[in-house]
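Sequence lines set the chain letters: A, B, ... in the order given, protein chains first and strands last, and positions in each chain run from 1. Quick note: numbers below take in every heavy atom, side chains included, and nothing from hydrogens, waters or symmetry partners.
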Number of protein chains: 4
Amino acid sequence: MQKPWEGRFKEKTEEFVERFTQSVSFDKELAFWDIKQSVAHVKTLLKAGIITQEEAQSILQGLKDIEESILKGSFEFKQELEDVHMNIEVELIKRKGEVGGKLHTGRSRNDQVATDERLYIKDEILQVCGLLRDLRKVLVKLAENSLEVVMPSYTHLQRAQPIRLSHYFLAYREIFLSDEERFLRAYRSADYLPLGSGAVAGVDFPLDRFYTAELLGFNRLCRNSMQATADRDFVLDVLYACAVCGMHLSRLSEDLILWSTEEFGFVDLPDRLCTGSSIMPQKKNPDVLELIRGKTGRLYGNLIGFFTTLKALPMAYNRDLQEDKEPLFDSLRTIQDCLTGTKLVLEGMSIKADAMKRASGGFTLMTDLANYLVLKGVAFRQAHHIAGSITSYLIEKGKRPEDLTLEELRNFSELYQEDALELLNPEKVADRRRTYGGTAKEELVKRIEVAKREEGMK
Amino acid sequence: MQKPWEGRFKEKTEEFVERFTQSVSFDKELAFWDIKQSVAHVKTLLKAGIITQEEAQSILQGLKDIEESILKGSFEFKQELEDVHMNIEVELIKRKGEVGGKLHTGRSRNDQVATDERLYIKDEILQVCGLLRDLRKVLVKLAENSLEVVMPSYTHLQRAQPIRLSHYFLAYREIFLSDEERFLRAYRSADYLPLGSGAVAGVDFPLDRFYTAELLGFNRLCRNSMQATADRDFVLDVLYACAVCGMHLSRLSEDLILWSTEEFGFVDLPDRLCTGSSIMPQKKNPDVLELIRGKTGRLYGNLIGFFTTLKALPMAYNRDLQEDKEPLFDSLRTIQDCLTGTKLVLEGMSIKADAMKRASGGFTLMTDLANYLVLKGVAFRQAHHIAGSITSYLIEKGKRPEDLTLEELRNFSELYQEDALELLNPEKVADRRRTYGGTAKEELVKRIEVAKREEGMK
Amino acid sequence: MQKPWEGRFKEKTEEFVERFTQSVSFDKELAFWDIKQSVAHVKTLLKAGIITQEEAQSILQGLKDIEESILKGSFEFKQELEDVHMNIEVELIKRKGEVGGKLHTGRSRNDQVATDERLYIKDEILQVCGLLRDLRKVLVKLAENSLEVVMPSYTHLQRAQPIRLSHYFLAYREIFLSDEERFLRAYRSADYLPLGSGAVAGVDFPLDRFYTAELLGFNRLCRNSMQATADRDFVLDVLYACAVCGMHLSRLSEDLILWSTEEFGFVDLPDRLCTGSSIMPQKKNPDVLELIRGKTGRLYGNLIGFFTTLKALPMAYNRDLQEDKEPLFDSLRTIQDCLTGTKLVLEGMSIKADAMKRASGGFTLMTDLANYLVLKGVAFRQAHHIAGSITSYLIEKGKRPEDLTLEELRNFSELYQEDALELLNPEKVADRRRTYGGTAKEELVKRIEVAKREEGMK
Amino acid sequence: MQKPWEGRFKEKTEEFVERFTQSVSFDKELAFWDIKQSVAHVKTLLKAGIITQEEAQSILQGLKDIEESILKGSFEFKQELEDVHMNIEVELIKRKGEVGGKLHTGRSRNDQVATDERLYIKDEILQVCGLLRDLRKVLVKLAENSLEVVMPSYTHLQRAQPIRLSHYFLAYREIFLSDEERFLRAYRSADYLPLGSGAVAGVDFPLDRFYTAELLGFNRLCRNSMQATADRDFVLDVLYACAVCGMHLSRLSEDLILWSTEEFGFVDLPDRLCTGSSIMPQKKNPDVLELIRGKTGRLYGNLIGFFTTLKALPMAYNRDLQEDKEPLFDSLRTIQDCLTGTKLVLEGMSIKADAMKRASGGFTLMTDLANYLVLKGVAFRQAHHIAGSITSYLIEKGKRPEDLTLEELRNFSELYQEDALELLNPEKVADRRRTYGGTAKEELVKRIEVAKREEGMK
C-alpha cells in the first residue's frame, strides 16, 4: 500500500519501523473526532473557495459513509497506514476518488491530531464531571442519613475527637468538588482550536479559523501555530487532574479498607462487591477498594511518564509527542472506573453505627476537659497541661474518662463544676464544635442544606 | 526545655526522635506568616470575648517584638521545640508570661500550619507571576526586533518551513502566558482559610472565621474542618505549576543550547552568562541553560515525591504531611531562579541573523511548490507527490530548490508558471502563511500589537 | 458460571466488579508459565503422596491439552473467571472432572502468580540480554570500521577535543554492558521460588519445595512465606533495569537525531527507517529515534507507577499487587522494541566522515597547546591561562588555530618550538590521549580487541 | 577573585550566574574525598615524572593543611569559586604558590567529580549496610523472643491464617537482606575509577591509572573516557536502592501504625518515641513511623528527578549533571535516618501478645477445615466449598468456629472425626504449616538458627 508521503522515498519502509511507529492501534479511539473535525475542515475549505460545493458534498458524503462503517465495526484499520488520519484519508480517496485527496489541503497531521485530542478530552472531561457529581450526591445522601452516627475522628490514625459521621462524608464531598474544578481547568486548557496552524508555520490558504472553531465548539483559538502544534500541556492538565483525583480515591479507599477490617468493624461490604480467596473459605476481600488504591500508581505513572517525554523537547512537533495518547486514554478510563467503583461501594456498604459509637468516647473527650478550663479563664497551655495530667492519671488507674467523678476532676482543678461531667458524652462534645465547618449537628445541617442546593438535589 | 504537650508523657523524648521529627530547620521560612496569622487569631479571640483587650494588647506586642527579633536575626530557633509555631509560642510565653499561653486557644497546629502555608504560597505565586510577566515582555520585545529575521522552523529537528524569528518568540510568549494561568489556578486553590478548623473536628469557641479571613485576605473559607486539615492539594497545585513551567523552560533551553552550538550558530551567549572549562581554554559553556534544563528533574521529583506521600493517607492529619514543605520551598525557589536565568540569557544573547537566513532556504520551500499546484486545482495529495518527486530529483542532482529553473519545474507539472519561481524565497514563503496565528509578517505585526496591549507595554 | 470461591457468598458478583477486578485480559500472557508451574506442582503433590499416580497422569494430560488449545488459539479466556489461573483450573475440571479440583491443593493464587511472574521474567530477561549483546556487537563492528574517522567530542554540546569515532561507539558499548549487568541482577532477584508458600503462612501438606524448584529451574527458594507472597521487588528490579536502559537509548537517540540534522550533518539515515510528512514533501524524519527517546517516559512512568502502588502496603498480599503486570509487560515489550530499533538505525545509517573531520579541528586543539607548555615545566594553571589568551587573540583576529604561525605562538610563550605546530592536527591530537580508556588509536585498537573477545566475536 | 578558567573571557561573570551555577554550597560535602583523590593524583603525576618529588611533597603538605583547616571548620568555601574542587585548588595555590597550579595537570573537573562521588558513595553504602545489619539483628532477636506469640496473618488486611509473630519478623529480615544486596550492587556500580579520563577524551600525559586505582581502593577502571565522564548510572543505582528500601520501611511502618491503633492494639510505643498534640492532651502519636512512611515520597522523588535530568542528555559531560548531588546526599541521609528510626521503634515497642492471640482465632481457622477433608481424599475445590458453607452457617448463627461441635461439622461432611476439633486452635493450626518457609514452630526455629548464623549472632 502506498504511503501518502512517499514521493521522495526510494526504499520501502522496513517492516519493524512500520510496526514500531504506527499509532493506529490506539489512536483509532479518536476516529469519531477525526471525522468530526474533517467535516468542519471541509466546510472551511469550501468557505475559502478552495474546493467547490460539489467537491465538498462528495467528501462529506464519503466521511459520513466511513463513520458508519466504523460504527458498524466493518472498517479495517491498517497498520501500514500509520495512524487514524491516514487510514481515513486513504479510505476516502478509495471510495470517492481523487477529490478525497483535497481533504488534507491546508492541514497537517500536526494540527489535526492536536485538534482531535482536544475534542476528545473536552468530551471525556464532561463524562468524568458527571461521575464526580454522582459521587458527591451519594456522599450528601450519606451525610444526611448519618447525622445521628457518632464516631471518633482520627489524626495520626489515633482517635482524636468525636465527630458525627456526616462530617466525614461532607469532607469528601468538598474534596471531590475540588476535583471537578481541576477537571474544568483541564477543560479550559483543551478548549483552544489548533486547526489552521498547519505543520508548524501556519497555512497559506485563506482559512477562516474562527469559523472552524465555531463549527467545532471551541471557545478560543491557539494564537501561534508553533505553540499550537508543539504544545501538549492540555494533556498534562488532564493527567494531573486524574492523578489528584486518584490520590483522593486512594485515601478514601484506605479509610474504608481499614473500616472494614475486623479490628475497626465500622462498615460491612456486600458480597456482590467483594471477591473471595482461592484457598481460604472465609475470606471476603475488599478488592474493589484495593484496586482503586493500587491504580493510583498507574495514574501517577502516566503523568510523570508523559512529563518525561516532554522534557527538553525542541520546538516544534517531534514524533515523541505520539506517546501522549496511551497514558491519556488509560488515565481517563481508569479514573472513570475508579469513580464508579467508589460510588458502588459507598452505596452498597452498611454502616455499623454501634461500633462507631463505642469507639467515639474515651480519651477523645480530653480536649474538652481542657477547653472547659479555658472558658473559666485558665490560659490554654495551662489547661492543656492539666488535662494531660488527668490522662496520665486515668491510664495509670486503668480507667476511662467516662468513669471520672467530679471529685477526681476537682483534684486537678477547683474550677471543675457539675456541668463538666456533661463533657464526658461524645455527642455533646461533637455538638460543641459549632464554628463554621465544624462537626456540631446544627452546623452540619446547614452544610447539608448548602450541599443539596449546590448539587441540585432539591 | 518543656514541650507544650508533655503533660501526659512520662519519658523525655529520645534525642534522635527530636532531630528526626523537628521541622523548625526548614519551616522557620514561614515565621513571618505564622506571626501574621497569630495577629489575626488574637483579634478573632478578642472579638469572640475569649481574651480581654488588655490580654490581646500584650500578646500582639509580644508578637511584634518577636517579629523584630527574627528580622534582626537575633531570634534563636530551637530544634527541641519542634517547629516554628512552638518556637514562637514558647518565646511569647517567655516574654509575656502566662497570657502568652492563651494564644493557642481555639487553634491547633493542624489548622495553623495549613494557614501559614497558604499565606506563603499566595505571596510567592505573585512573585512568580511577576517574573513570568517580565519574561514575556522580553519575548515581546525580541519579537518586535526580529520581524526581519528569517529562519527555518523545525519539526523532528529537521528544517521544515521558513518562519520569521518573531514567530518563535511569540510562541513562547503564549506558553508562558499559560503558565501564569496555571499559577493563578494554584493561587485560587490556596485562597481558602483553614484557621478555625482546630485539630480536625472544628472549634468549640465561638470564633468568627469570616472575620479572620478578612483580616488575612482570604477570599474563601475551608468549609469542612477535616478537609481543611487533611488536604494538601493546594501544595500539589503549586508543585504542578512549577513542574509544567520548568518543562517549558527545559524546552526553550534545549533550543538555545542547540542554537549556540558551532553547528547551528544561530545565537551567541555573552561571556558574563557562561562559564569556562578547568582544562579546555577555548570553552565557553551555556551552563545557565544546561542547569535550567537539568533542574526540570528536581521540579518533577518534588511533584511526584509529594504525590507519593499523599497516596493512601488516612483521614485526617498525619505527620507524613510535614514532608510537604521542603519540596514546596525548593520548587518555588527553583522556578524563580530559572525564570530569572532565562530572562538574562534572552536579553543577553546576540542573534546571528545571517546564519539563520542562510539556513532558512533550501528544501524548506518544497511545501509551497506543492500548494502552488493546489491553488491551480490539483488535489493536495497529488500535488504533494509531485513536490516529493522534485525533491528526489534535486537530491539526486545535488542541487538546491533555489537553483530550479522554470523548465525543470515544468518537467514535473505544466501548471508551473513564471510566478512559481517567487516561491523560492524564504521571506516570501513565510509571508504566504497569513492565517490567524501564522508566520506572515502582517499577521505577526498584529499579534505583537495584541501582545503589547495585553502585557501593558503601551 | 460458578466462582471457585463462592461457597460463602450469598450474592452474585456485580457485573462492574467482575470487569473491574478481572485480570485475565492481560495476565493470560502468563498462561504458558502457569501451566508449566502446574505441571511441576502436580509432580510435587505426587511425590508427597497427596495425589495418586493415576490422578497426576490425568491432570497432566489435561494441562497438556489446554496448553495445546491455547497455542492453537482455540482456548476462550472468560472474564468472569477473573484470572488466568482460574480459567485454566475451571477448564481442567471441565475436561477431566473432579480430579481437576485436586490441582489447587497446597497452593494459593498468591504464591502461584508470583511463581508465574518470576518464570516469565527470567525468560524475558534472557531475550533482552540477547538483544543487548546484538547491539553491542554492532557497536564493536562500527568501532572497528571507524578508527580512521576523526570527529569532535562534545561537552556542554560545545566542541571539546578531537576523538576518533570508534571511541564514541565503544563508550556506548560499555554503557550497554552495564545494562546487561542490571538485567542480570533483576534475573537473580527473580530466581527464587515462591511456590509452596500458600496464601501467606506456608502450606500444611508435606510439599518438597526443593524438588519443585529443581523442576522449574529456580536456583533459590523464598525462605519466608509472607515475604514470598507480599514481595514484588523482583518486578521493580525489572522495571528499573528497563528504565535505565531506556534512558541510555534516549541519550544515544538524542545524539543521532542531532547528528542527522542538516546543521550537524554527521550521519544520514536510510529511507527505509524514516517516515515522511503528510504535508512537507521534502521531509525525512528520524521517527524511530524520536519514538525511542519519547518512550523513556513510558519506562519511567511504569517504574514510578508501580513504586507508588507498593508504598505503604500492609503485609502480606493485597489486591493492589495485581497492578504489577501491565507495567511489567509493557516495559519489557518496549525495551525490546527500542533495542531492535536502535540496532537497525546503527546498522543502517551512513557516516559522513568528511563532515566530522571538518568539525574536529579549530578550537578543540587548544587544550594541547596548554599541555605542551606543561611538559616544558609550566604549571598547568599558568599554561591554561596562556592558551586562553591565544584563544581570545584568535577570536579577535577571526582566525582558526590551524592558521597560527610559530611566531604568533612565541608571542605568548617562548617555550613553543617548531614541534608545537604538529598539535594543530586533530588526528595527532587525538592520538596523544594514550591513557587507558583514552581516544588514541593505539589504545582504541586494544579496546576493540578486548571487546571482540568479550563479545565472542573472534 | 580570579577564576581559573577566565583566560579567554572578556566580561566578569554576572552575579546571578555565579550564584545559580555554583555548587560549593552542597558539594563541599565531598571535600574530604576530593583531597583524598588529589593525594592519589599527585602520587600518580610523580610516578609519571610530570612533577618532581619536591613538588609532590609541597602539594601533599598543602593538601594536608587544607584538610586540617576544613576539619577545624576554619576553611572558608567561596561561592565565586564555583565548586569544592576550585576552592581547594585556589587555596592550595594561595598557600603553596605556583606549584599548586600543577595539581590539575592531566585532570579535569569532569573526571574529578565523578571520582569524588564514587568514593563518597562507596563509603556511605557501607554505613547503610551496617545499619541494615543492625536492623536485621533486631528482627532476629524479636523473632527469637516471639516464637510463642500467635497472631493472625493478613491478606487484603483481612485476617487470613494464624501465624507465629516470629514469622512476621523473619519476613522483614528477608526483605532487609535483599536491600543489602541492592546496596551492594550499587557499590559495585560505583567501584570503577574514572580519574585519568580527562574532560572527555582521555589524557595526554602518561598516567598509570591502575596505580591510581590501587591508591584509592577501586577494584576496576572505567574503560572509556567518554563513558567515564558522561555516566551517572552509579548515582541512579544508589537512589534506586534507597527508594526500594524506603518503600519497605513504609510498608513496615504502615503495619506498625495500624498495630498501635486502639482498634488493633497489638503494640504499644514508648513515650520517648512519640510526640503529643498541641491541643489534644491525650494524644501519643507514632510520628516517627509516619515520617518514615512519608519520606518514601522524597526517596521516590529524588530517583525520578534525577532520572528526568538524565533523559536525552547528549554525550558527554553536560552541566545538567551537577543536579545529581543534592538528591544523592538527601537520599543517603534520609535512608540512614529512617533505618535508625525503625530500629529504635522495633526495639522500644512492647508487644501485646494477648490481643494478638485473641485476634488469631475465629475464621482464620477455616482453611484447615478444608484441608482436613483433602487429606481424607476430597478434591480441594470440593473441600474448599464445604468449608465455605460452614463459614456461611457460622455467620448466620452468629457463632465462631471455636464453638463448632463435631456434630455440626458432620452435618457438612461425614469425614470429620474427633481430631478435626483440634484444628480449632490457632497454635496448632500454625504449626501445621511445616513446609520450608512456613510458620510452624519447628520450621521457625530452624530459620532463626540460620538467620543467627548468617548475621554472625552466634
Side-chain angles (χ1 to χ4, degrees), chain A residues 7-8 98 101-102 104-105 153 155-157 160-161 163 170-171 174-175 185 196 200-204 207 209 223-227 240 247 250-251 254-255 293 296 300 304 307 310-318 371 374 379-382 385 388-389 391-392 432-433 435-439, chain B residues 7-8 98 101-102 104-105 153 155-157 160-161 163 170-171 174-175 185 196 200-204 207 209 223-227 240 247 250-251 254-255 293 296 300 304 307 310-318 371 374 379-382 385 388-389 391-392 432-433 435-439:
Chain A
R8 68 153 286 199
E98 202 185 301
K102 300 206 164 187
H104 208 56
T105 313
S153 65
T155 61
H156 308 258
L157 215 54
Q161 295 171 350
I163 56 166
L170 288 178
E174 290 294 316
I175 289 167
R185 290 171 191 173
V200 55
V203 172
D204 51 347
L207 302 181
R209 296 183 60 217
R223 303 197 292 184
N224 180 290
S225 64
M226 301 186 86
Q227 181 269 342
Y240 174 66
M247 180 270 287
S250 82
R251 297 182 73 172
E254 175 84 1
D255 277 347
R293 184 178 60 184
T296 321
Y300 287 10
I304 193 67
F307 249 132
L310 288 173
K311 180 235 167 185
L313 265 201
M315 269 280 185
Y317 182 82
N318 298 278
N371 289 351
V374 170
F380 176 73
R381 268 300 151 233
Q382 182 60 16
H385 197 82
S389 307
T391 307
S392 295
R432 285 164 53 87
R433 286 173 171 68
T435 37
Y436 181 84
T439 196
Chain B
R8 69 152 287 198
E98 202 184 299
K102 299 206 165 188
H104 208 57
T105 313
S153 65
T155 61
H156 307 260
L157 215 54
Q161 296 170 351
I163 56 167
L170 289 177
E174 289 296 314
I175 289 167
R185 290 172 191 172
V200 55
V203 172
D204 52 347
L207 303 182
R209 295 183 62 216
R223 304 196 292 183
N224 180 289
S225 64
M226 301 186 86
Q227 181 270 343
Y240 174 66
M247 179 270 286
S250 81
R251 296 182 73 171
E254 175 84 2
D255 278 346
R293 183 178 61 185
T296 321
Y300 288 11
I304 193 68
F307 249 132
L310 288 173
K311 180 236 165 183
L313 266 200
M315 269 278 185
Y317 182 83
N318 298 277
N371 289 351
V374 170
F380 176 74
R381 269 300 151 232
Q382 180 61 16
H385 197 80
S389 306
T391 308
S392 294
R432 284 164 54 87
R433 283 173 173 70
T435 37
Y436 181 84
T439 197

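- By the 30° and 60° cut-offs, the orientation of the rings of Phe307(B) relative to Tyr300(A) is tilted.
- Counting heavy-atom pairs closer than 4.5 Å to chain B, the top residue among Ser225(A), Ala160(A), Ala312(A) is Ala312(A).
- Interface remark: of the candidates Ser250(A), Ala201(A), Gly202(A), Ala201(A) forms the most heavy-atom pairs closer than 4.5 Å to chain B.
- Annotation: maximal heavy-atom pairing with chain B below 4.5 Å, among Asn371(A), Ile163(A), Leu157(A), Val374(A), occurs at Asn371(A).
- Rounding to the nearest 0.5 Å gives a distance of 7.5 Å between CD of Glu254(A) and NZ of Lys311(B).
- Partners of Lys102(B) by salt bridge (charged side-chain N to carboxylate O under 4.0 Å, His left out), not counting sequence neighbours, listed by chain and number: Glu55(B).
- Between Arg433(B) atom CZ and Asp204(A) atom CG the span is 4.0 Å, to the nearest 0.5 Å.
- Neither the backbone nor the side chain of Gln382(B) comes within less than 4.5 Å of any heavy atom in chain A.
- Ranked by heavy-atom pairs under 4.5 Å with chain A, the first of Glu174(B), His104(B), Arg293(B), Arg223(B) is Arg223(B).
- Ranked by non-hydrogen atom pairs under 4.5 Å with chain A, the options Gly196(B), Pro314(B), Gly438(B), Ser153(B) are led by Pro314(B).
- Interface remark: Thr296(B) contributes side-chain atoms only to the contact with chain A (heavy atom separation under 4.5 Å).
- Interface residue Leu170(B): backbone and side-chain heavy atoms are both found under 4.5 Å from chain A.
- Applying the side chain to side chain contact (heavy atoms under 4.5 Å, CB included) criterion to Ala171(A), with sequence neighbours excluded, gives Asn224(B), Met226(B), Gln227(B), Met315(B).
- Chosen from Thr439(B), Asn318(B), Leu313(B), Thr391(B), the residue pairing most often with chain A at heavy-atom distances under 4.5 Å is Leu313(B).
- Comparing Val203(A), Asp255(A), Leu207(A) by heavy-atom pairs within less than 4.5 Å of chain B, the highest count is held by Val203(A).
- One finds the CE atom of Met247(A) at 4.5 Å from the CG atom of Leu310(B) (value rounded to the nearest 0.5 Å).
- For a residue to count as touching a neighbouring chain, one of its non-hydrogen atoms must lie under 4.5 Å from one of that chain's; by this rule Arg209(B) touches chain A with the side chain only.
- Between atom OH of residue Tyr317(A) and atom OG1 of residue Thr155(B) there is a gap of 9.5 Å, rounded to the nearest 0.5 Å.
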